[in-house]
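Atoms within a ligand are numbered from 1 in the order they appear, just like the ligands themselves. One is the number of the first residue; the rest follow in order along the sequence. We use all heavy atoms of the structure for the numbers below, so side chains are in, but hydrogens, waters and symmetry mates are not. This one's a predicted model, so the numbers in the text were calculated from it and none came from an experiment.
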Amino acid sequence: MAASLATPATAATAPATDFDAIIIGAGMSGMYQLHRLRELGLKVRVFEAGSGVGGTWYWNRYPGARFDSESYSYGFSFSQELLDDWNWSEHFAPQPETLRYLNHVADRFDLRRDMQFHARVAAAHFQAASGTWEVTLEDGSRHSARYLITAVGPLSAPTLPRFTGMDDFKGQSFHTARWPHEPVDFTGKRVAVIGTGATGVQTIQEVAKTAGQLTVFQRTPNWCAPLLNSKITEEEQREIKASYPAIFQRCQETFGCFLHTPDPRNTFDVTPEEREAFLEQLYASRGFGIWVGNFSDMLTNPEANAVVSDFVARKIRQRVKDQAVAELLIPKNHGFGTRRVPLETKYYEVYNQPNVKLVDIRATPIERITAQGLQTSAAEYAFDIIIYATGFDALTGAFDRIDIRGEGGQSLKEKWSEGAETLVGMLAEGFPNMFMLLGPHTALGNIPRSIEFNVEWVTALLKHMQAQGQTRVAARPAAVNAWMDHVMDCAKGLLAMEVDSWMTGVNSNVEGKQVRRIARYTGSAPAYRAWAQDIAAKGYQDLALR
Ligand code: NA7
């Protein structure tokens, strides 16, 4: 299978490039795309900023980092041998195990020989005359390829707050997504955590175990629900191995590729007693069921949403002893599930510990970071360690950090300054021969399932072009418009659209990202796939190919 990309017809005319394809990023999407492109006989190079594979699972080494998707629904599904020889140890694997898994995948498929690490891409410029891409790394080296494939991840550009004095702090400070490779010891230390999203919650419940004093600075509480993780027993392991076809089939059919999917009933179709029993059952079940397996109208009907929010608020009041603290932990400005629901393990009980204190920074904002710690409008605090669990410039941030220029030198960042426009999240008009594996408007949910689909879609397109002797592909404007109309339609009526979050493109720490917009695809994964498959089935008429 070592045929070169170019068919004989194009080989004579196609200008020479260093590679057939350059992939940016060695996370799950970059790894799988490399594997598939090798099967087409392409010469591929992956540039990765880190020192190893794993993407999200390489960077996010903070204490307590783990899956919120069931491990066996998250791993790659494309190789039976891989499924046979990997045993997940827990229903929701911790980060070190996932990173081991991804290194195992890299070994098994001999991926590293086409990867260059410590190689951050600074710029990628389309060359109109040759129809190729020139990629410049931060070290100044330049590399050319016919195809540019971004595998940069939707949540990979970390953002820090813009407090004054951040450089003055004399202790240790870390963003959760830039955690050191060496263990950090919290024993007896005074630790601050700023941020209470999915990452903050995982961090807080872990750090609270050993810190001398943990102070949590919360701006907005989130609705959290029990993860209910446990070790996978030998019997469960056998069941999982035997059920892989059914597990992945289920993931193909559900709304977000999770094992859970909305209950067909609406909230008020059932009696109050049945409702309560159903919510109790969801609260006592592992994983995202209470979020993505709840009544169908929970995320669109405010009254239905209030029922679930009230239920979870009662649970928080039961679990937190100090009722003033419980009230601070109960969200008041958004309903359950309208932002990403952090899954937790005894998170609320942490606030019953004598070494943990919650500070409401809406009431008493952080004014500055000091040499010793930080200062709010009400008090000064001294810390040994400050942890910023402050999230990411989501969806478009990783693109914005690279100087990507398409036809006519047009900058992608400028083109997307009022919101991204794509065709099925994978192509952008005016950026020929560029594919985005997890661009804005791809189905997110249980992400590896979307990664596999998108990689296979791009691979099939390149194979088609290979067979036709084509070397240039561009999204047609009419196709982009039709897709974007669909993206806008899907978001209509969703309660989540009325709330600030990374899912609505808001990040208070990033200039120009204070306004809510339709930043992601909110339809179902099956609907997403149907649209993309239809493009292929109709012979790629939505694309200009030559
Ligand atoms: P999130 O969900 O964006 O959470 C970030 C948290 O940090 C959130 O509580 C923010 O409060 C808080 N934050 C951010 N900036 C500040 C400033 N300047 N001051 C105080 N507090 C701040 O990021 P995560 O990393 O937890 O999760 C991201 C996704 O990764 C997650 O959904 C998973 O899918 C994986 P706010 O709510 O903005 O008031």
Side-chain angles (χ1 to χ4, degrees), residues 27 55-57 59-69 74 92 95 98 153-166 174-179 192-205 215-225 227 256-258 288 291-292 328-329 331-334 337-344 347 358-369 374-377 386-395 397-398 438 444-448 450 496 499-511 513-514 516 519-520:
T56 288
W57 303 105
W59 293 103
N60 286 271
R61 294 165 190 254
Y62 62 85
R66 68 171 65 246
F67 288 154
D68 284 341
S69 302
Y74 191 99
F92 303 90
Q95 174 271 336
T98 307
L155 291 153
S156 58
T159 48
L160 285 166
R162 295 182 283 188
F163 301 133
T164 47
M166 283 175 61
F174 314 102
H175 188 286
T176 45
R178 289 292 177 272
W179 202 262
V193 175
I194 301 173
T196 50
T199 302
V201 166
Q202 288 188 335
T203 305
I204 290 161
Q205 64 199 16
T215 311
V216 175
F217 293 90
Q218 173 187 271
R219 188 165 66 182
T220 315
N222 283 299
W223 295 101
C224 311
L227 175 68
C257 308
F258 294 107
F288 271 139
W291 185 24
V292 297
L328 285 181
L329 291 165
K332 304 292 189 306
N333 70 347
H334 68 281
T338 61
R339 302 173 109 203
R340 208 289 205 172
V341 173
L343 294 185
E344 47 86 22
Y347 173 66
L358 179 66
V359 176
D360 173 10
I361 50 171
R362 283 243 184 247
T364 57
I366 294 174
E367 289 183 338
R368 60 170 296 128
I369 306 294
L374 64 80
Q375 187 183 319
T376 68
S377 61
I386 298 178
I387 300 174
Y388 295 100
T390 45
F392 302 90
D393 186 356
L395 305 164
L438 282 177
L444 289 177
N446 189 16
I447 285 181
S450 300
V499 179
D500 287 352
S501 76
W502 67 258
M503 302 195 295
T504 48
V506 176
N507 184 321
S508 66
N509 307 311
V510 181
E511 206 65 55
K513 297 215 168 158
Q514 274 76 44
R516 270 179 229 150
R520 67 187 172 119

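The aromatic rings of Tyr388 and Phe163 are tilted relative to each other, their planes meeting at an angle between 30° and 60°.
Residue contacts with ligand 1 for Phe163 involve side-chain atoms from C-beta outward but no N, CA, C or O (heavy atoms, distance under 4.0 Å). Counting heavy atoms closer than 4.0 Å to ligand 1, residue Arg339 contributes side-chain atoms (C-beta onward) but none from N, CA, C or O. The proximity of Thr176 to ligand 1, defined as any non-hydrogen pair under 4.0 Å, does not occur for either the backbone or the side chain. Heavy atoms of His175 found under 4.0 angstrom from ligand 1: none, in either backbone or side chain. Contacts between Ile366 and ligand 1 below 4.0 angstrom, taking non-hydrogen atoms only, are absent altogether.
For the atom pair CG of Asn507 and OG1 of Thr159, the computed distance is 4.0 Å after rounding to the nearest 0.5 Å.
The N/O atoms of Ala389, backbone and side chain alike, include one that comes under 3.5 Å of an N/O atom in ligand 1. When only interatomic distances are considered, the shortest N/O to N/O separation between Arg340 and ligand 1 falls below 3.5 Å. For ligand 1, the polar-atom distance check finds no N/O of Gly195 at less than 3.5 Å from any of the ligand's N/O atoms.
In this structure, Ile369 and Met166 approach most closely via the heavy-atom pair CG1-CG, 3.6 Å.
If you number the atoms of ligand 1 from 1 as listed, the ones under 4.0 Å from a heavy atom of Thr196 come out as 6 (C), 8 (C), 9 (O). Near Arg362, meaning under 4.0 Å from any of its heavy atoms, are these atoms of ligand 1: 39 (O). Atoms of ligand 1 lying under 4.0 Å from at least one heavy atom of Pro161, given by number and element, are 18 (N). With ligand atoms numbered from 1 in the order given, ligand 1 contributes 20 (C) to contacts under 4.0 Å with heavy atoms of Ile361. Heavy-atom proximity to Ala198, at under 4.0 Å, picks out these atoms of ligand 1: 26 (O), 31 (C).
Scanning Leu155, Thr56, Thr199 for the heavy atom closest to atom 24 (P) of ligand 1 points to Thr199.
Panel note: side chain Arg339, backbone Asp500; a donor-acceptor pair is recorded below 3.5 Å. Of the possible donor and acceptor atoms, none in the side chain of Thr176 sits under 3.5 Å from a partner among the backbone N and O of Thr390.
Contact annotation: Gln202 has no heavy atom less than 4.0 Å from any atom of ligand 1.
For an aromatic pair to be called close, the ring centres must be under 6.0 Å apart, and Phe174 with Trp179 satisfies this.
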